[in-house]
Structures are given as C-alpha cells and as structure tokens.
Number of protein chains: 2
Amino acid sequence: MNKAAGKLTESATARGRLPAHEVIYRQLRDLVLYGDLAPGQAVTIQGLTERLGAGMTPVREAIRRLIAEGALEFQGNRRVSVPLLNADNISELILARQWLDPHLSLRATERATPDDLEELTALDEALDRSISAGDLRGYLELNYRFHKRLYELAEAPILADLADGLWLRFGPSLRVVCGRLGTQNLPDKHKDLLEAMRAKDAEGAARAIREDVIQGMEQVRQSFDAPAVSN
Amino acid sequence: MNKAAGKLTESATARGRLPAHEVIYRQLRDLVLYGDLAPGQAVTIQGLTERLGAGMTPVREAIRRLIAEGALEFQGNRRVSVPLLNADNISELILARQWLDPHLSLRATERATPDDLEELTALDEALDRSISAGDLRGYLELNYRFHKRLYELAEAPILADLADGLWLRFGPSLRVVCGRLGTQNLPDKHKDLLEAMRAKDAEGAARAIREDVIQGMEQVRQSFDAPAVSN
DNA sequence: TTTGCCAGAATATGATCAAATTATTCGCTG
DNA sequence: CAGCGAATAATTTGATCATATTCTGGCAAA
C-alpha cells in the first residue's frame, strides 16, 4: 500500500485548505445553530452569495445539506426558510434528546480520560464566564461545544450524528428564548455531570445530563405557551 | 394578499413537475436504500450523470443531501462512497431503532383510522407475495414502505425523519444479508403488529414492532460475525 | 524507492433560461 | 369620482448547463 504517498504529497485539503462548499456549509450552519437567522426567516441563495461572498454553487450545496439535516426547510415552491417550530415539534425534540443525551453521556463517562475531563471542565468554566459577562452568543456557542464534545467522547458516531442534528433544529428557537430571558437565568447541570464523570458514575452522569436537557428544553417549550412577542 | 393568483397560475411544481435535483435525489436515494449500490462502492459524479442521464449540478446536490443524511460518505479527499458499516455501527442502529420504532408505532396505533389499517394490511399482503415469489427487490421496497407508512401515521415529523434516515444507513447492508439468506427466511412480526393496532393496543403494537426490529436487525449484525464473503 | 508528470475527476464560476413574487396599470362598480 | 380587484408587466430569484480551473492519484522514469 502506498499510504506514505498521501502524506508526502501534503494534499491541499489535508493542509487546511477546505473546499469552498465546506466552508460555506460551516458558516451557514453556525448562522442557524446560533440563531443569527430567526425562525421563519426566508433564506435566499443570492442573498447568501452576497452575505458570505461566494459563488452560487457552493451556497447551493450548503443549503441542500442543511435542508437534509432539518436545519432549513424547503417550502414547496422554490423557497427555503428557517423552520418555525410548534409546541409539538419541541415535545419531539425533548423526547429525542431525553433518550439520546443520557445514553451518550453514559458511554462518554465510561471512555473519558482525565485529559478529556479537563477539557470539558475548561469548556464549562468558559461557559460560566460568558454567562457572567452577559455574552449570549458566547454562551450558545460554548454550551453547544460542551455537549458536542460529550457526544464525541461516546464513540458512537451514528448516535452522535443524530444528537448533533437535533441542535440545528432547535438552535434558532433557543436563541429567541435565551434572548428574552437574558443570560443570568440560564442554569445548567454541568457541574453535577462533571462530578459524576470524574467518579466514573456513568448512571449518575446520565441522570445529570437528563436533567440538564429537560431544564433547558422546557424553557423553550414554555416560550410557546407564553404569549408570543408582538410581531 | 394575492393568494388566489398562486392557485390560478397552476404553478409548475404544484402540477407535478419536480425540479431535476429532486428527481435525481429520489433515484439516488432508492439506489442506496435498496442496495443497488454495494457497501464500500465508490460513487462518482460523472458516473451518475451518465447512469441517470442528468447534468452535474443536480447530481452534485443530490449527493450532498445523501451525505448529510449518512447515506453516503465523504472520504476526505474528493471521493464519495457508500459507507461500509462495522459491527459497532450496526449495534448503534439497532439501539436507535429499538427506541424509535416502538415509540412511533405506539403513536401510530393511537391515531390510525380503519382506512389506515387497511392500507397497512394491503402492504403486508403484497409483501408476503413478494417473499413467496422470491422477489428480493420487491420485498425490500415493500418492507420499507410498510415501516415508512407507520412512521407517517405517528404524526411526529421529526422522530419520523430520524427513523427514516436510519434505513438509508443499513439499506445496503440489508440487501447483502437478504441476498445471502434468500427471501424464504425473512420472518416478520407484522401480523402481530397489525392485530395489536386493530385492537388499539398501543403497548402491544410497540412490543410487536420491537421484536420485528430486533429480529431483522440481528440478522444483519450476525452477518458481520459470520465469515465475510470471498471478495 | 522516489520524483515529476499526466490523465481524469471534482470544484467553482458565470451565463442563460424559467418561474414566482411584487408592483403597476387599467377598467369596473358603487 | 373614489376605491377595489383583476390582469399584466417588471423584477427578483431559482434551476440548469457549459466551461474553466484546480486537485488527486497513478504511472513512468530516474
């Protein structure tokens, strides 16, 4: 096998140069994940080519990917928009996360090395600083990265994919809710989780994350029962 | 609002003319779902433009969508292929379906009308005929449609999406396994399921589908422990 | 074995065509 | 004469293609 050749060739993608459609995909993904695009907002190809300064082919491909992941919605005619969730959708998401997240946390606890735990702890501390500073965007980003890292540690790529994909679906709504509540009222169970993980208490970790999920997602659900904002 | 205009215009997409990328997507999806593309097989853009007689832009978009759904795999360099599952992957899929399918069946049972039940029964009978006739492709297609219809009846679009997506992941492997076993040895629990649904026994339906999933998926898992075929 | 070259495939652009929404005009009725 | 509504024009946006460019992997020669 000429496995060495690949290394020596120092392929363009390997040395950090990602294809444009990949770059655009990640940018657009973050736009959805962190709620820079509001629920219901229309997404146009040409609008994005300007906003992200790219050709339309990469933008087009990025949009298709996001649609397939449920992050965007194809509206039958040729319109694409950020999905507008209803209370039932939220219930489904809560249900799915209530099953997936504990399962993944349990596996992550069994596999996490001290280094991994340190990394998670550092992420959580950064998260706390964002909350104190009232930095909403930072909170959303770090909170996601905390959970995402947990998924990765579980070494279950398919289940992690599923869990990861759910974040894209409630990302826009989460932003709206957190924007209303302010960063001060955003408790989490990360401390309990980390403690359980350090003790290799997999069941305890699963319980902690389950509470974290319920606590966070119920806030989103309640915002649907509450009177909708003006516009 | 000129909502009337839209109706009168009799929009092209509304009267059945789907965009090419959508058509290509569905064709390519079926190719994966029913195992016409073998696990590990390389998928090239230009190869598909010829095979499906389409331009490369629609093919490109279809491939991106399938990659996002986990039906295809982007191999880092510019290669795309049908994912080759390992035993761990199968375990993940079993786990996910063991949770999703019963849940959806339970909801479907609560909501199914007599007409719906009749439709499912008809699908199952057609399925039996395919088995008797030794028609593997027909079996794969009808079995999928049976479960897919069940997902739809649950009226939980997000969970249904997740469950549906899993089929794309084990489709190619399922084809290989069934090809080895022959259609005669493909038992299912559909009869038990339908009986429970007719009796509005939601818990019973959930149990039946759980057994159906385990029975079917375990066959796939075992084919990994069994000695791999020659090539 | 290593290095450089080459064929072939994928990426990316811009042009072109088609479709849908929005804006405008015109005619009608009250 | 004013206001409403329908038909139509104009603009915007999406879909598709042909083409240019870049990259990869293999092959051949040193």
Side-chain angles (χ1 to χ4, degrees), chain A residues 1-28 31 37 40-68 71-82, chain B residues 1-28 37 40-68 72-82:
Chain A
M1 306 294 183
N2 49 4
K3 204 183 288 180
K7 275 186 184 175
L8 294 176
T9 311
E10 191 69 48
S11 71
T13 62
R15 68 172 179 264
R17 293 193 44 175
L18 293 169
H21 65 83
E22 184 68 31
V23 175
I24 299 299
Y25 165 74
R26 296 188 187 183
Q27 289 179 353
L28 186 49
L31 250 36
L37 301 176
Q41 183 173 340
V43 172
T44 71
I45 293 177
Q46 309 207 358
L48 288 176
T49 57
E50 293 175 18
R51 178 166 184 168
L52 303 178
M56 55 193 305
T57 309
V59 169
R60 199 157 237 292
E61 293 185 43
I63 288 179
R64 294 297 167 222
R65 279 177 75 175
L66 272 311
I67 290 175
L72 295 177
E73 197 176 23
F74 186 67
Q75 298 230 314
N77 20 8
R78 330 156 122 197
R79 290 289 148 92
V80 174
S81 65
V82 181
Chain B
M1 307 296 181
N2 46 5
K3 201 184 287 179
K7 274 187 185 174
L8 295 176
T9 311
E10 189 70 46
S11 74
T13 62
R15 69 171 178 265
R17 295 196 41 178
L18 293 169
H21 63 82
E22 184 68 30
V23 175
I24 299 299
Y25 164 76
R26 296 187 187 184
Q27 289 179 354
L28 186 48
L37 301 176
Q41 183 172 341
V43 172
T44 69
I45 293 177
Q46 307 210 349
L48 288 175
T49 56
E50 294 174 18
R51 178 166 184 167
L52 302 179
M56 56 193 311
T57 309
V59 169
R60 202 158 234 291
E61 293 184 42
I63 288 178
R64 296 294 169 222
R65 277 177 76 175
L66 272 312
I67 290 175
L72 295 176
E73 197 175 24
F74 185 64
Q75 300 227 317
N77 17 11
R78 313 161 140 200
R79 294 287 154 86
V80 174
S81 64
V82 181

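Computation of the quantities below employed the complete heavy-atom set of this structure, encompassing side-chain atoms and omitting hydrogens, waters and symmetry-equivalent molecules. Chain A is the first sequence line, chain B the second, and so forth, proteins listed ahead of strands; every chain is numbered from 1. Quick caveat: nothing in here was measured; it's all calculated off a predicted structure.
Within the 4.5 Å cutoff, the side chain of Val80(B) has no heavy atoms near those of the Thr44(B) side chain. Proximity of Val23(B) to Leu52(B): side-chain heavy atoms (C-beta onward) are nowhere separated by under 4.5 Å.
Here dA15(D) presents its P atom at 13 Å from CG of Leu48(A), a figure rounded to the nearest Å. What separates CZ of Arg78(B) from C1' of dG8(C) is a distance of 11 Å, to the nearest Å. Note: CZ (Phe74(A)) to C1' (dA15(D)) measures 10 Å, nearest angstrom. One atom, CD1 of Ile45(B), and another, P of dC23(D), lie 16 Å apart when rounded to the nearest Å. When rounded to the nearest whole Å, the span between CD of Glu50(A) and C1' of dT12(D) equals 11 Å.
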Contact state string [nucleotides 16-21 of chain D, B base, S sugar-phosphate only, - no protein heavy atom under 4.0 Å]: BB-B--
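Stem regions for DNA chain D, each three or more consecutive Watson-Crick or G-U pairs with both distances under 3.5 Å and listed by first number, read C:1-30 with D:1-30.
Taking 3.5 Å as the limit, the base of dG8(C) and the side chain of Gln46(B) contain no donor-acceptor pair of atoms between them.
Ion pairing of Glu22(B) with Arg26(B) is present here, as a side-chain N (NZ or NE/NH1/NH2) and a carboxylate O approach within less than 4.0 Å.
Here CD1 of Ile67(A) is found 14.5 Å from CZ of Arg64(B). Values are rounded to the nearest 0.5 Å. The line from CD1 of Ile24(A) to CE of Met56(A) is 13.0 Å long, rounded to the nearest 0.5 Å. Here the NE2-CZ distance, from His21(A) to Arg65(A), works out to 7.5 Å after rounding to the nearest 0.5 Å. With rounding to the nearest 0.5 Å, the separation of CZ in Arg51(B) from CG in Leu37(B) is 5.5 Å. Interatomic distance, CD1 of Ile63(A) versus CD1 of Ile45(A), reported as 5.0 Å (0.5 Å rounding). Residue Leu28(A) holds its CG atom at 5.5 Å from CG of Leu48(A), rounded to the nearest 0.5 Å.
At least one side-chain nitrogen or oxygen of Asn77(B) sits closer than 4.0 Å to the OP1 or OP2 atom of dG25(D). Using a 4.0 Å cut-off, no side-chain N or O of Arg79(B) falls inside it from OP1 or OP2 of dG8(C).
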